[in-house]
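Chain letters run A, B, ... following the sequence lines, proteins first, then strands; residues in each count from 1.
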There are 2 protein chains.
Amino acid sequence: MQELLKATRALSDETRLRILTVLLERECCVCEVMQALEISQSRASRNLCILFNAGFLRTRRDGPWVLYSLDTESDNHVAVALVNSLEGLLAGNEITVLDRKRLAEAERVGPGCVSRNTG
Amino acid sequence: MQELLKATRALSDETRLRILTVLLERECCVCEVMQALEISQSRASRNLCILFNAGFLRTRRDGPWVLYSLDTESDNHVAVALVNSLEGLLAGNEITVLDRKRLAEAERVGPGCVSRNTG
DNA sequence: GTTAGATATGCGGATATGCGCATATCTAAT
DNA sequence: ATTAGATATGCGCATATCCGCATATCTAAC
């Protein structure tokens, strides 16, 4: 029950639903998620972390980047089943279409360009 | 998106997951839900209301009772799809097994017996 | 070691949530 | 109209959630 609750709580937030939809498209680093959703770095990182802890994502390192992707082969049946349901339910949604469009134009540059271009 | 969010938020609570599991068994009035989950009347009523507003339930009156049941034929695809996923994920859960056991023994007597037997 | 870039996290504040308590509303019967 | 039973709801409190800000951590390159 606790595992399922953790998963449903993770899904009960618009930012995280949007992140999942972006990750349905392809593997992303944090800075790409930021750009796609037009949100802050800490917000992207935190919500990715929540999805990860709920069993939806896996990560790997590629140099300075941490790449997040959907864990479709997880032994966490809960997460896999719920993502499969969500995929159809989110398809065609206005917001997520925009997110994916911005993702397509996103570059793997870090958050520094966004939040620290003054110093 | 707002419709989906409303649904996922409704599912992000243990009490409501337990209520859904009980309703997967059969149609219930509020006082039966109270007895099955061993929770207060206001808690049962409120959470049923949240599930209803999220599109998971329908209601009908039977005399003094309001009967809640899963709205399996809803045009709310979101709710239908999510409940279908949940059904498998909750099957066999310890807590919900107990809830269903108590439901089997529940009687359609009102909350008065529980909360107002002193006055 | 130092530096710069990429990500994670402690903290505080605003807001949302879940609950119990008490009470209001609604129904049926008299 | 009155009463009793069944359900809904206003209110207040305790707690949880979400976010931005600032900072810490980690990696790679020098």
Side-chain angles (χ1 to χ4, degrees), chain A residues 2 5-6 8-19 27-54 57-69 106-119, chain B residues 2 5-6 8-19 27-54 57-69 106-119:
Chain A
Q2 295 316 309
L5 244 185
K6 208 167 186 177
T8 56
R9 294 182 100 81
L11 299 180
S12 68
D13 178 88
E14 178 168 333
T15 300
R16 292 194 288 272
L17 290 179
R18 291 169 65 194
I19 290 179
E27 185 184 48
C28 293
C29 64
V30 177
C31 59
E32 288 173 320
V33 171
M34 294 178 56
Q35 295 172 70
L37 273 58
E38 290 186 325
I39 58 178
S40 73
Q41 184 268 327
S42 67
R43 188 170 164 185
S45 176
R46 257 183 234 282
N47 283 296
L48 281 164
C49 185
I50 291 172
L51 287 169
F52 178 85
N53 287 331
L57 310 182
R58 57 178 131 85
T59 63
R60 69 183 179 93
R61 247 199 192 273
D62 178 16
W65 294 286
V66 176
L67 299 180
Y68 286 87
S69 58
E107 296 174 14
R108 195 177 290 182
V109 294
C113 317
V114 179
S115 63
R116 283 186 232 161
N117 51 4
T118 55
Chain B
Q2 295 315 309
L5 244 185
K6 207 167 188 178
T8 56
R9 293 185 99 80
L11 299 180
S12 67
D13 178 87
E14 179 168 331
T15 301
R16 292 192 289 272
L17 290 179
R18 292 169 67 193
I19 290 179
E27 185 183 48
C28 293
C29 65
V30 177
C31 60
E32 287 172 321
V33 171
M34 294 179 57
Q35 294 173 71
L37 307 205
E38 292 186 324
I39 59 179
S40 75
Q41 184 268 327
S42 68
R43 188 171 164 185
S45 176
R46 256 182 234 281
N47 284 296
L48 281 164
C49 186
I50 290 173
L51 287 169
F52 179 85
N53 287 331
L57 310 183
R58 57 178 131 84
T59 63
R60 69 183 179 93
R61 248 199 192 273
D62 177 16
W65 295 285
V66 176
L67 299 180
Y68 286 87
S69 58
E107 294 175 16
R108 197 178 287 181
V109 293
C113 317
V114 180
S115 63
R116 283 187 232 163
N117 50 5
T118 56

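Under the side-chain contact (heavy atoms from CB on, under 4.5 Å) criterion, A/A36 pairs with A/V22, A/L103, sequence neighbours left out. Applying the side-chain hydrogen bond (donor to acceptor under 3.5 Å, both in side chains) test to A/S45 and every residue at least two apart in sequence or in another chain returns nothing. Partners of A/E38 under the side-chain contact (heavy atoms from CB on, under 4.5 Å) rule, at least two apart in sequence or in another chain, are A/R102. By the side-chain hydrogen bond (donor to acceptor under 3.5 Å, both in side chains) test, A/T15 is found to be paired with A/R43, residues two or more places apart in sequence or in another chain being considered. Partners of A/R46 by side-chain hydrogen bond (donor to acceptor under 3.5 Å, both in side chains), not counting sequence neighbours: none found. For the side-chain contact (heavy atoms from CB on, under 4.5 Å) test, residues two or more places apart in sequence or in another chain that qualify with A/S42 are A/S40. Every side-chain contact (heavy atoms from CB on, under 4.5 Å) that B/R58 has, sequence neighbours left out, goes to B/S69, B/D71, B/T72. Residues satisfying the side-chain hydrogen bond (donor to acceptor under 3.5 Å, both in side chains) test with B/N47, not counting sequence neighbours, are B/R16. A search for salt bridge (Lys or Arg N to Asp or Glu O under 4.0 Å) contacts involving B/E27 returns B/R60, not counting sequence neighbours.
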Please tabulate the protein-to-nucleotide N/O contacts below 3.5 Å involving nucleotides 25-30 of chain D, giving atom names and distances.
none

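In terms of position along DNA chain C, the nucleotide closest to A/E32 lies nearer the 5' end than the nucleotide closest to the other residue of the pair A/R46 and A/E32. Heavy-atom distances to DNA chain D give each of A/I39 and B/Y68 a nearest nucleotide, and the one nearer the 5′ end belongs to B/Y68.
A heavy atom closer than 4.0 Å to some atom of DNA chain D occurs in A/R9, A/D13, A/T15, A/R16, these being the qualifying members of residues 9-17 of chain A.
The nucleotide whose nearest atom lies closest to any side-chain atom of A/C29 is, among D/dC21, C/dT7, C/dG20, C/dT7. You'll find that the side chain of B/N47 is closest to C/dC19, out of C/dC19, C/dT7, C/dT9. Nearest to the side chain of A/W65, among C/dA6, C/dT9, D/dT9, sits C/dA6.
We find that CG of B/L5 is positioned 15 Å from C1' of C/dT17, with the value rounded to whole Å. B/I50 has its CD1 atom 12 Å from the P atom of D/dA8, to the nearest Å.
Comparing the local axis fitted to the first five base pairs of the helix from C/dG1-D/dC30 to C/dT30-D/dA1 with the one fitted to its last five gives a bend of 30°, rounded to 10°.
For a distance-only test at 3.5 Å, the side chain of B/Q41 fails to qualify as a donor-acceptor partner of the base of D/dA6.
Inter-residue side-chain proximity for A/V33 and A/Y68 is flagged as unmet; no heavy-atom pair is nearer than 4.5 Å.
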